[in-house]
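Here the structure comes first, spelled out in structure tokens, and everything after it is commentary.
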Amino acid sequence: MSERQVINVSTEEALRQADIIHKLSQSLKGKDLKYCVSTFGCQMNARDSEKIEGMLEEIGYKKTEKEDQADFIIYNTCCVRENAELKIYGRLGYLKTVKQKNPNLIIALCGCMMQQDIVLETLKKKYNFVDIIFGTYNIYKLPELMQTRLETKAPVIDIWDSHQDIVEDLPNTRKYDFKACVNIMYGCNNFCTYCIVPYVRGRERSRELSDILNEVKALVNDGVKEIMFLGQNVNSYGQNLSTPVSFAKLLSEASQIEGLKRIRFMTSHPKDLSDELIEVIAKYDNVCNSVHLPIQSGSTHTLTAMNRKYTKESYLELVSKLRAAVPNIEMTTDFIVGFPGETEEDHLDTLDVVKKVKYAGAFTFIYSKRTGTPAATMEDQVPEDVVKRRFNELLALTKSCTLENMKKYVGQTVEVLFEEISKNDETVLSGRTDTAILVNVKAPAALIGNFQKVRIVDTKTHYLIGELVK
Ligand code: SAH
Ligand code: SF4
Ligand code: F3S
């Protein structure tokens, strides 16, 4: 399909939904309706929820954080681990009682979990009070699904097996005025053997370079200072466009946008992180010196079984290259403990990488069997007690290495973009350095959204403590 057709088809669809939004807003006028969105999972879902909120607000709903005051409740779900799904079923049990008290309440479910047949069957059988169900490929259709629900008063289920066109120009809300996430691609082609994402998010597809740059320019005009580019594997951005473009090219183009102070990106698959990208990180000041580089395991044996397509050695070499080109770069990572067949030696390899890389932060997950993935039927599933012990060892080591790494900041003056009032102390603001380290500083709320020089006076494992430099 030509580039022009893709744009036309999706614009047409966006216009059709805009028309429905208009009709709904007329018919619901004056009803003082409220919505409550709960988002589970990763940044992809968080970004999708902003689009969902944007559509609901245009229809005329106002936001509430309280489910018992809402007329429309939607859960944007995740299924990357079993826990994520159990959480949703638990919350649905409670929602049933809320709906009994308020029969006019509309309950909607969407997101990754809905893309699984087994989930749909369970919902139909045990949770038939849910009004609207849709998946990851047709978020933009929410207005139409709501219209159908209101007209027919019957449950509406609309799940697609695969994506169609990328629909640009959806209404939108933003959590922060000064920073925003921008999708650069959807889906994933990597099929890591433990991972369900390619099955629920479909094949990789990139947005056109010009669409992305236009979105960033509009955000910057609107006061945004920091952009986070999102994709399951940003390093393979643009490969499947009719005119292929590299991620490094996108970053260098975006870095020229006047007024854009910081560019971040997530997630980088180690197998695709190019020398060209390292050069771009090194060259442009507004491309941040931090990279989330999930390793999953430090053992080449486990990495091969995971289908990650790099080795312990090639990963460590990549880390050295990044550090040589960008000396102050910080790295964060993800680990999976207890992948099928993981031996004590494999575990020790992971601990060895932690000592060598000195991550600024790590997310450590216990392997969760996902039906339909190759790893689910692999032999040698690791016994629970062994997994727990390895998990605790890895957690303790990552914590102590991270703390060690943080100590170097004490005494330094860094630039911090203040983001929000700290959850634990309302006289303290939290912000981040260029290297994505969290910093807590006693400062007035008026500084939120501003860059300030901060002198670091102390450190905890996960954040620095600083003072404003006058
Ligand atoms: N695209 C990203 C990761 C997306 S999922 C990447 O390739 O790095 C986020 C994290 O969830 C993964 O990095 C992995 O550590 C974890 N994860 C994914 N599937 C999992 C599973 N079945 N069990 C436990 N953790 C899992
Ligand atoms: Fe999952 Fe691997 Fe794709 Fe990341 S790269 S989303 S871990 S399949
Ligand atoms: Fe979860 Fe879907 Fe993200 S499964 S981690 S919300 S892509």
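Counting convention: from 1, in listed order, for ligands and their atoms alike. The basis for the numbers below is simple: all heavy atoms, side chains too, and nothing from hydrogens, waters or symmetry mates.
The CD atom of Gln115 sits 8.0 Å away from atom CG of Asp161, with the distance rounded to the nearest 0.5 Å. The line from CG of Leu303 to OG of Ser297 is 4.5 Å long, rounded to the nearest 0.5 Å. To the nearest 0.5 Å, atom CZ of residue Phe134 and atom CE of residue Met146 are 9.5 Å apart.
Given atom 1 (Fe) of ligand 2, the protein heavy atom at minimum distance is Cys195 SG, 2.3 Å. Of the protein's heavy atoms, Cys188 SG, 2.2 Å lies nearest to atom 3 (Fe) of ligand 2. The single protein non-hydrogen atom nearest to atom 2 (Fe) of ligand 2 is Cys192 SG, 2.3 Å, given as residue, atom name and distance. The protein heavy atom nearest to atom 6 (S) of ligand 2 is Gln232 OE1, 3.5 Å.
Residue contact check for ligand 3: Gln232 places a non-hydrogen atom closer than 4.0 Å to it. Contact analysis puts Arg308 in contact with ligand 2, with a non-hydrogen atom separation below 4.0 angstrom.
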Worked check of ring pair (Phe, Tyr, Trp, His ring centres under 6.0 Å) between Phe391 and Phe365 | CA-CA 8 Å; Phe391 177 83; Phe365 304 111; 8.9 Å; no
Given Tyr237 and Phe229, is the ring pair (Phe, Tyr, Trp, His ring centres under 6.0 Å) satisfied, shown in steps?
-> CA-CA 10 Å; Tyr237 165 77; Phe229 283 140; 8.3 Å; no
Using the side-chain contact (heavy atoms from CB on, under 4.5 Å) rule, take Val357 and Leu316 through it: C-alpha gap first, then chi angles, then the decisive distance, then the call.
-> CA-CA 8 Å; Val357 179; Leu316 290 174; 3.7 Å; yes
Would Glu121 and Lys124 count as a salt bridge (charged side-chain N to carboxylate O under 4.0 Å, His left out) if you check the C-alpha gap in whole Å, the side-chain angles of each, and the deciding distance to 0.1 Å?
-> CA-CA 5 Å; Glu121 277 164 34; Lys124 280 183 208 157; over 6 Å; no
Check step by step if ring pair (Phe, Tyr, Trp, His ring centres under 6.0 Å) holds for Tyr186 and Tyr137.
-> CA-CA 10 Å; Tyr186 302 91; Tyr137 305 117; 9.9 Å; no
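Of all atoms in ligand 2, numbered sequentially from 1 with element shown, those under 4.0 Å from a heavy atom of Val197 are 6 (S). In summary, the atoms of ligand 2 found under 4.0 Å from a heavy atom of His269, numbered by their order in the structure, are 5 (S). Residue Asn45 approaches ligand 3 through these ligand atoms, each under 4.0 Å from one of its heavy atoms: 6 (S). Atoms of ligand 3 lying under 4.0 Å from any heavy atom of Cys112, numbered from 1 in the order shown and given with element: 2 (Fe), 4 (S), 6 (S), 7 (S). Counting atoms of ligand 2 from 1 in the listed order, those under 4.0 Å from a heavy atom of Phe191 are 8 (S).
When only modelled atom types and interatomic distance are considered, Glu330 and Asn405 share a side-chain donor-acceptor pair under 3.5 Å. Side-chain contact annotation: Asp48 with Asn76, donor-acceptor N/O pair under 3.5 Å absent. In the model, Gln239 has no side-chain atom that pairs as donor or acceptor with a side-chain atom of Glu204 under 3.5 Å. Glu393 and His347 are linked by a side-chain donor-acceptor pair at a separation below 3.5 angstrom, with hydrogens and angles left out of the test. In the model, Asn190 has a side-chain atom that pairs as donor or acceptor with a side-chain atom of Lys271 under 3.5 Å.
Here Pro198 has side-chain heavy atoms under 4.0 Å from ligand 2, and that is the only part of it that gets that close. When non-hydrogen atoms are compared, ligand 2 lies under 4.0 Å from the side chain of Tyr194 (C-beta onward) but not from its backbone. Contacts between Arg201 and ligand 3, counted as non-hydrogen atom pairs separated by less than 4.0 Å, involve the side chain only.
Ring planes of Trp160 and Tyr140: perpendicular class, angle over 60° (limits at 30 and 60°).
Among the atoms of Cys42, an N, O or S atom is found under 2.8 Å from atom 3 (Fe) of ligand 3. Residue contact annotation: Cys78 places an N/O/S atom under 2.8 Å from atom 1 (Fe) of ligand 3.
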Tabulating one pair per line, provide the atom names and distances (0.1 Å) for every N/O atom of ligand 1 that is less than 3.5 Å from a protein N/O atom.
residue	atom	partner	partner atom	Å
ligand 1	1 (N)	Gln232	O	2.8
ligand 1	1 (N)	Gln232	OE1	2.8
ligand 1	7 (O)	Arg308	NH1	3.2
ligand 1	11 (O)	Arg81	NH1	3.0
ligand 1	13 (O)	Gln296	NE2	2.8
ligand 1	13 (O)	Asp334	OD2	2.6
ligand 1	15 (O)	Gln296	OE1	2.7
ligand 1	17 (N)	Arg81	NH1	3.4
ligand 1	22 (N)	Tyr194	O	3.0
ligand 1	22 (N)	Ser368	O	2.8
ligand 1	23 (N)	Ser368	N	3.0
ligand 1	25 (N)	Arg81	NH1	3.3

